[in-house]
Amino acid sequence: MEFLPLFITGTLVAATLYWFLFIYGSAERQGKLAVNLSGGSISSEKIQDKYKQYWSFFRRPEKIETAEKVPDFVDTFYNLVTDIYEWGWGQSFHFARPIPGKSDKEATRLHEEMVADLVKAKPGDRILDVGCGVGGPMRSIAAHSKANVVGITINDYQVGRARLHNKKAGLDALCEVVCGNFLEMPFSEGTFDGAYAIEATCHAPKLEDVYTEIYRVLKPGSLFVSLEWVSTDKYDTANPEHVKIIEEIARGNALPGVKSYDDVAKAAKKVGFQVLKEEDLAKPPALPWWGRLKMGRLAYWRNHILVTVLAAFRIAPKGTLEVHEMLVEAADYLTRSGDAGIFSPMHLIVCRKPESSKSC
């Protein structure tokens, strides 16, 4: 009789672990099994060292002196976090405005379809996705508009993941993925009928540099739509708490500083774009964009316990736990920024390349 309680307890523990390891994370929302978390293109034995190098480089994001090294460390960052993002967040590495009665997944899709409509994507067009990640937005936009979407990401591991997802979704005929630096894109002048960037160009040391490249590869008269990470007009540089929050957001997300809301249109105009619309989509009456982070706190800690167990049993590579801790902390600072109203991840700008323009 004494054996029965132990047997039941053991069975429950085993069933729980099985659910965590082999069922949780396999849904389309996540796209990754917990046991398959990796360091992307970084070999398992080098993950911890690469994490330490990354953390050291972004110690003071706003004072990075070697800006030319930023792309390499952004690549390192996405090697470290891509699997965790897919597992814990989904295939679209961005926020979306919550919509009453809609799931996070539905709100994300509608957010992406809004971008497709703003860029006026249509069948036969060739549209550029600047910083495409594993292609979540690309697939939504291609399916919605029937346009051909070409994504560029600096991370080779993401290229493979995006192509795999494109094929599974039956959208590989409309979606193409290229590995490259969006500051030096491997496309000819006037290649694309439109372009968009969803929370991606924040990785550029200077917005005008990436905007110049986007301007160059667009056809005259084409539209460019971007959703930028910015500090808002409520951000006070004299407030130590504000400064700490913004600095930690940058540090935990591979950003060489966070741009101000009033930098975006200036940069676009400087390279030759006509600014047609500018709006912070996070402002009221929009529901809090950080609500998903708050609601997900229990899930983060549940996931963190799981990653701790996987690391202890050496199922997850050494260094994975530190990376997950960094992302949990970054999520906390993002939540605090939302509560304080000092940061927005969806500062919208819609631009046009003039019909008679010449590339910069």
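By the 4.5 Å heavy-atom criterion applied to side chains, Met185 and Leu128 are counted as neighbours. Side chains of Asn36 and Asp83 form no contact here, defined as non-hydrogen atoms less than 4.5 Å apart. Side-chain contact check for Tyr211 versus Ile349: some heavy-atom pair is nearer than 4.5 Å. With contacts defined as side-chain heavy-atom distances shorter than 4.5 Å, the pair Ser231/Ile342 does not qualify. Between Arg126 and Val150, some side-chain heavy-atom pair lies under the 4.5 Å cut-off. Considering only heavy atoms from C-beta on, Val350 stays 4.5 Å or farther from Glu279 through its side chain. Under the 4.5 Å side-chain criterion, counting only non-hydrogen atoms from C-beta, Pro137 is not in contact with Val115. Counting heavy atoms from C-beta on, the side chains of Leu287 and Pro100 come closer than 4.5 Å.
Note on Asp193 versus Lys122: no salt bridge recorded, every NZ/NE/NH1/NH2 to OD/OE distance being 4.0 Å or above. A salt bridge does not link Glu329 to Arg251: none of the charged nitrogens lies less than 4.0 Å from a carboxylate oxygen. Using a 4.0 Å cut-off between a side-chain N of Lys or Arg and a carboxylate O of Asp or Glu, Arg161 and Glu86 qualify as a salt bridge.
Here the NE2-CG distance, from His111 to Asp104, works out to 12.5 Å after rounding to the nearest 0.5 Å.
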Exercise for the section: Evaluate the side-chain hydrogen bond (donor to acceptor under 3.5 Å, both in side chains) criterion for residues Glu113 and Ser140: first the C-alpha distance (whole Å), next the side-chain angles of each, then the deciding distance (0.1 Å), finally the verdict. Expected result: CA-CA 7 Å; Glu113 291 178 357; Ser140 292; over 6 Å; no
Exercise for the section: Go through the steps to decide whether His144 and Glu112 satisfy the test side-chain hydrogen bond (donor to acceptor under 3.5 Å, both in side chains), and finish with yes or no. Expected result: CA-CA 9 Å; His144 177 68; Glu112 293 161 352; over 6 Å; no
Practice task
List the steps, then state whether side-chain contact (heavy atoms from CB on, under 4.5 Å) holds for His324 with Leu37.
Solution key: CA-CA 11 Å; His324 194 263; Leu37 296 179; over 6 Å; no
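In this pair, Phe58 and Phe73 present their aromatic rings perpendicular. The plane angle is above 60°, beyond the 30 to 60° band. Ring geometry for Trp289 versus Phe95: interplanar angle over 60°, hence perpendicular rather than tilted (30 to 60°).
Checking each of Glu228, Lys266, Lys270 against Leu207 for a side-chain contact (heavy atoms from CB on, under 4.5 Å) leaves exactly one that passes, namely Glu228. Partner Phe343 forms a ring-ring contact (aromatic ring centres under 6.0 Å, His included) with one of Trp229, Tyr261, Tyr333 and no other, that one being Trp229. Each of Cys132, Cys179, Ser41 was checked for a side-chain contact (heavy atoms from CB on, under 4.5 Å) with Val159, and the lone residue meeting it is Cys179. The residue from Asn79, Val81, Leu80 that alone fulfils the side-chain contact (heavy atoms from CB on, under 4.5 Å) condition with Phe77 is Val81.
No donor-acceptor distance shorter than 3.5 angstrom exists from the side chain of Arg336 to the backbone of Glu241, with no hydrogens or angles considered. With hydrogens and angles disregarded, no donor-acceptor distance shorter than 3.5 Å links the side chain of Asp209 to the backbone of Leu183. Panel note: side chain Asn253, backbone Ile249; a donor-acceptor pair is recorded below 3.5 Å. No donor-acceptor distance shorter than 3.5 angstrom exists from the side chain of Arg352 to the backbone of Leu276, with no hydrogens or angles considered. Within the 3.5 Å criterion, the main-chain N or O of Trp89 finds a donor-acceptor partner in the side chain of Arg292. A donor-acceptor pair under 3.5 Å is formed between the side chain of Asn166 and the backbone N or O of Ala162. For Glu106 (side chain) and Ser103 (main-chain N/O), a donor-acceptor pair under 3.5 Å exists by modelled atom type. Under a 3.5 Å cut-off, the side chain of Asp263 and the backbone N or O of Ser260 do form a donor-acceptor pair.
Environment of NZ in Lys259: crowded, with over 12 heavy atoms of neighbouring residues, nucleotides or ligands closer than 6.0 Å.
Contact between Phe273 and Lys353 at its shortest, heavy atoms only, is CD2-N, 3.9 Å. The nearest pair of heavy atoms linking Gly252 to Leu327 is O-CD2, 4.1 Å.
Between Tyr78 and Tyr157, the distance from one ring center to the other does not fall under 6.0 angstrom.
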